[in-house]
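Below is one structure, written out as structure tokens; comments come after it.
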2 protein chains.
Amino acid sequence: MAALAGTPPSNATGLDSVAPRYTVGSVAKATRLLDLVSDAPLDGLTVTELARGLQTSKSTAFALARTLADRGYLRPVDPGPRYQLGLTLVRLGDVAANQQPLRQLCQPILHNLSTSTALTTRVAINDGGQPVFIERVDAPGTIRFHTPLGIPELAHVSSAGKAILSTFTDEQVKEFVTVHEMVRRTPKTIVTLEDLLADLTITRRRNYAVDDEEDVEGVFCIGAAFFDHTGTCAGAVSATGIKRDLAPREVDDIGRAVAAAAGQVTALLRGTPPPATDPR
Amino acid sequence: MAALAGTPPSNATGLDSVAPRYTVGSVAKATRLLDLVSDAPLDGLTVTELARGLQTSKSTAFALARTLADRGYLRPVDPGPRYQLGLTLVRLGDVAANQQPLRQLCQPILHNLSTSTALTTRVAINDGGQPVFIERVDAPGTIRFHTPLGIPELAHVSSAGKAILSTFTDEQVKEFVTVHEMVRRTPKTIVTLEDLLADLTITRRRNYAVDDEEDVEGVFCIGAAFFDHTGTCAGAVSATGIKRDLAPREVDDIGRAVAAAAGQVTALLRGTPPPATDPR
DNA sequence: CGCTATGTTCGGTGGTACCGAACCGAGAGG
DNA sequence: CCTCTCGGTTCGGTACCACCGAACATAGCG
């Protein structure tokens, strides 16, 4: 409805999303700037492009960019200063991923799973039903998938998402799909609540979820959920491969391997968290 | 010199570092907040701890934290809201690393090098002489080294740093060490300009640099520089292992492998970006 | 040689980021 | 059970600063 407002009629300040009180305007604007740069094509954005994207004046965009560049959040590249994301964000992203306690625990498990299955494996945390991947391990020799980290992905089309949803009750799943609509990605995508619940029932029975070209054509995915010490689903492990490289007989073997890996994660989350010496 | 300033006497506003004009105060403060959280222990910081760290009032720290949390830069964790770095930073860090054109090119090369040498391999970009690692590939089965990404590391103690410095003239090296002092990390660390220049001469001759327990005791590192299309050093590849696992005879083999990998990177940066067919 | 488009610099001013103080809510301790 | 304390949250008011518009500098182009 408010899509094609050429000029901002009701809101000239540039604050578009919610302003739930207690928000610092300039900081919010800076985050929007970073989002802009992160979505931009590879060669970065100029000050004027930033100003246009932020719907603000050149001078403001200039000041914001300078500030962020001084702190290393942006990196000015030579010709007519275009801005890319800077190395400080690499550092913060690395630290942020490491602060997710899962990552440390999962790395060796992912490595093992990746070599034993010869597939690309990933681990996602459960963000209210949506899977957010925080780490991946590429299988050596395979083509690299485009698997960005840190973004909530569609739950009903990914094996990790369906693994997470399989820990929900039917009521919870119903509520989930009312807020996250089931968009179609391929002809095989599950788009009705009924079909999804049926799929989840099968998933619960065999302990792993399958995404058979439901997200991307030609791509096959198997995932399994793991649980924290309170028994609630903390996330999921998944393995991804090209469909035609997989013999159908393999699927259940891989599924068991993925489920076993998820079981290892659960065990680590339950049992002794400190790897060092803490005999309390 | 300015190390142990407990209280900022002359500057009560909270703006400590340079304010080279055209800086947005709140955004700078937000970045300091993120730095604080990134350096904090694993369980996050509370609002009051943030306020103390920023030398500001609770309400301000609260507003900043809320804003950053709304955008996913911070993640509030349950008991008495403690803030950790959020998943948005994981995403931005991933994108930032991918925006470094090197990363895409280097990944397969690093994988190959990692499997052929059975070592952990990394790639750093040349940041004015200092190596900043932007990607690592762990060798399967090895212990994991603590190798943070995105931080400028000491040039005179790391193989990647010495590989980069070996592309400098003696004059440039001399200037470099005047601004970056040669701190000692282990008994074997090179701490004089004279010894460093001698080491760099050897490095140039054999085409790879060696860090023999000069940064961390027991750790051995071999690095080689690569060059962009203008012929200037763009960064370095390095391989890391435990010293006692390496037979001395191996060192030169590994050195040649690392140098060859760096040569591949150079070739990709110069010539044909598509890595598909290259039957040279 | 203008002309355009860009990055950069510079006052002035309205909005807002900041602060202090008050209000809650949860534990600890008596 | 009450009180005390500490930390999170909320609220007004004001000094300040983030923002803007306009001007300057510079480069590319017709």
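Being a predicted model, the structure only gives us computed values, none of them experimental.
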Inset, instruction - Look at B:Asp35 together with A:Arg91 and state whether they make a salt bridge at an N to O cut-off of under 4.0 Å. - result: yes

Legend entry - Check ion pair A:Asp127-B:Arg75 (N to O, under 4.0 angstrom): no

Atom-pair distance ([atom1] on [X]; [atom2] on [N]), nearest Å:
X	N	atom1	atom2	answer
B:Leu50	D:dC6	CG	P	19 Å
A:Leu68	D:dA18	CG	P	13 Å
B:Gln55	C:dC19	CD	P	11 Å
B:Lys29	C:dC19	NZ	C1'	10 Å
B:Phe62	C:dC24	CZ	C1'	13 Å
B:Arg32	C:dA17	CZ	P	17 Å
A:Arg82	C:dA5	CZ	C1'	13 Å
A:Arg52	C:dA5	CZ	C1'	10 Å

[X] side chain: which of [options] is closest?
X	options	result
A:Ser57	D:dC20, C:dT8, D:dC19	D:dC20
B:Ser26	C:dC10, C:dT8, D:dA18	D:dA18
A:Val47	D:dG8, C:dA17, C:dG7	C:dG7
A:Lys58	D:dG7, C:dT8, D:dT10	C:dT8

Quick one: is [X] getting a side-chain N or O under 4.0 Å of the [N] phosphate, OP1 or OP2?
X	N	answer
A:Ser59	C:dC10	no
A:Thr56	D:dC20	yes
B:Tyr22	C:dC10	yes
A:Thr60	D:dC19	no

Inset, instruction - Quick one: pull up CG in B:Leu193 and CG in B:Leu200 and give me the separation to the nearest 0.5 Å. - result: 9.0 Å

Inset, instruction - Kindly say whether, by distance alone, the side chain of B:Thr46 makes a donor-acceptor pair under 3.5 Å with the base of D:dG8? - result: no

Inset, instruction - Please confirm whether any donor atom in the side chain of B:Thr48 sits under 3.5 Å from an acceptor in the base of D:dG8, or the reverse. - result: no

Legend entry - Donor-acceptor under 3.5 Å (B:Thr67 side chain, A:Val24 main chain): yes

Legend entry - Pi-cation contact, A:Phe133 with A:Arg122 (under 6.0 Å, within 45°): yes

